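Worth saying up front: this structure is predicted, and the values here are computed from it rather than measured.
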Amino acid sequence: MGEQQHVNFPQEVIDEYAALGVDLAALFSAGHLGTRMGVQIVEASADRVVGTMPVEGNTQPYGLLHGGASAVLAETLGSVGSMLHAGSSKIAVGVDLNCTHHRGVRSGLVTGVATPVHRGRSTATYEIVISDEEGRRVCTARLTCLLRDVTAGDAAHIRTAD
């Protein structure tokens, strides 16, 4: 799923996935799309997920950060939080994403912070705030994920540790 920098996971999460032989960093990475866009997850727990993305290479024709790029960052962070909440026996599947874009950004790095709004047995909802390097809010998003049991087909796509 692409290269991943070191992510700070809670120790109990590391232990749970290690017991299953799962490469946690690969499983909770930004995936191929996120890798192409330069998304880096720097902190991950069910209570808070933080990631960054460069503006360069993710702009629309006017030179501003593309709204779809903000959506990719938001869905990545909210999905990681949802999966960490759900645990290793479930996967998180996004069912609703909405984004409000507050200001344009032309350069630098944006940072997204996902925090839970609701964490249930079958759904999880996260608010994701994306800010520019000056700490100004660029986008506010909300993602709701369905939490469903892992199937044999899902397991075939999970990378295992070497």
Distance from [X] atom [atom1] to [Y] atom [atom2], nearest 0.5 Å?
X	Y	atom1	atom2	result
Thr111	Glu43	OG1	CD	11.5 Å
Ser70	His102	OG	NE2	10.0 Å
Ile91	Met83	CD1	CE	6.5 Å
Arg136	Ser131	CZ	OG	10.0 Å
Cys145	Leu97	SG	CG	9.0 Å
Thr115	Tyr126	OG1	OH	8.5 Å

Self-check item: Residues forming a side-chain contact (heavy atoms from CB on, under 4.5 Å) with Ala69, sequence neighbours excluded
Solution: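 side-chain contact (heavy atoms from CB on, under 4.5 Å) list for Ala69, sorted by chain: Met37, Met53, Asn58, Leu65, His66.
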Quiz item: Where do Ser82 and Leu147 land on the side-chain contact (heavy atoms from CB on, under 4.5 Å) test, with the steps shown first?
Solution: CA-CA 8 Å; Ser82 295; Leu147 307 177; 4.2 Å; yes
Exercise. Would you indicate whether the side-chain heavy atoms of Val49 and Ile41 approach each other to under 4.5 Å?
Key: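 In short, these two side chains touch, coming nearer than 4.5 Å.
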Practice problem: Would you mind reporting whether Cys139 and Thr100 have side-chain heavy atoms less than 4.5 Å apart? | Solution: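 Contact flag for Thr100/Cys139 side chains = no.
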Practice problem: Treat each ILVMFWY residue as a node, draw an edge where side-chain heavy atoms are under 4.5 Å apart, and state whether Leu33 and Val80 are in one component. | Solution: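 Yes, because Leu33 and Val80 connect within a single hydrophobic cluster, where side-chain heavy atoms sit under 4.5 Å apart.
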Exercise. Verify the cluster assignment for Val117 and Ile128: are they in a single hydrophobic cluster under the rule of side-chain heavy atoms below 4.5 Å apart?
Key: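 In one cluster: no.
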Exercise. Taking atom types as modelled, find out whether Thr125 and Thr144 have a side-chain donor-acceptor pair closer than 3.5 angstrom.
Key: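 Distance-only check passes for Thr125 and Thr144.
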Quiz prompt | Gln40 versus Thr52, side-chain donor and acceptor atoms under 3.5 Å | solution =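 Gln40 and Thr52 do not have a side-chain donor-acceptor pair below 3.5 Å.
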Quiz item: Where do Gly120 and His85 come nearest, in terms of heavy atoms and distance?
Solution: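 Closest heavy-atom pair between Gly120 and His85: O-NE2, 2.8 Å.
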Quiz item: What is the minimum heavy-atom distance between Ser88 and Glu16, and which atoms define it?
Solution: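 Answer, listing the atom of Ser88 first, then Glu16: OG-OE2, 2.7 Å.
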Quiz item: Who passes salt bridge (Lys or Arg N to Asp or Glu O under 4.0 Å) against Glu12, sequence neighbours left out?
Solution: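 If we apply the salt bridge (Lys or Arg N to Asp or Glu O under 4.0 Å) test to Glu12, skipping adjacent residues, there are no hits.
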Quiz item: Are Asp132 and Arg137 ion-paired here, with the side-chain N under 4.0 Å from a carboxylate O?
Solution: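 No, no charged N to carboxylate O under 4.0 Å.
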Quiz item: Step by step, would you call Val138 with His101 a side-chain contact (heavy atoms from CB on, under 4.5 Å)?
Solution: CA-CA 6 Å; Val138 172; His101 307 287; 6.0 Å; no
Quiz prompt | salt bridge (charged side-chain N to carboxylate O under 4.0 Å, His left out) partners of residues 100-121, not counting sequence neighbours, each pair once | solution =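 Qualifying pairs: Asp47-Arg119.
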Quiz prompt | Other residues, nucleotides, ligands: >12 heavy atoms within 6.0 Å of Glu56 CD | solution =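 No.
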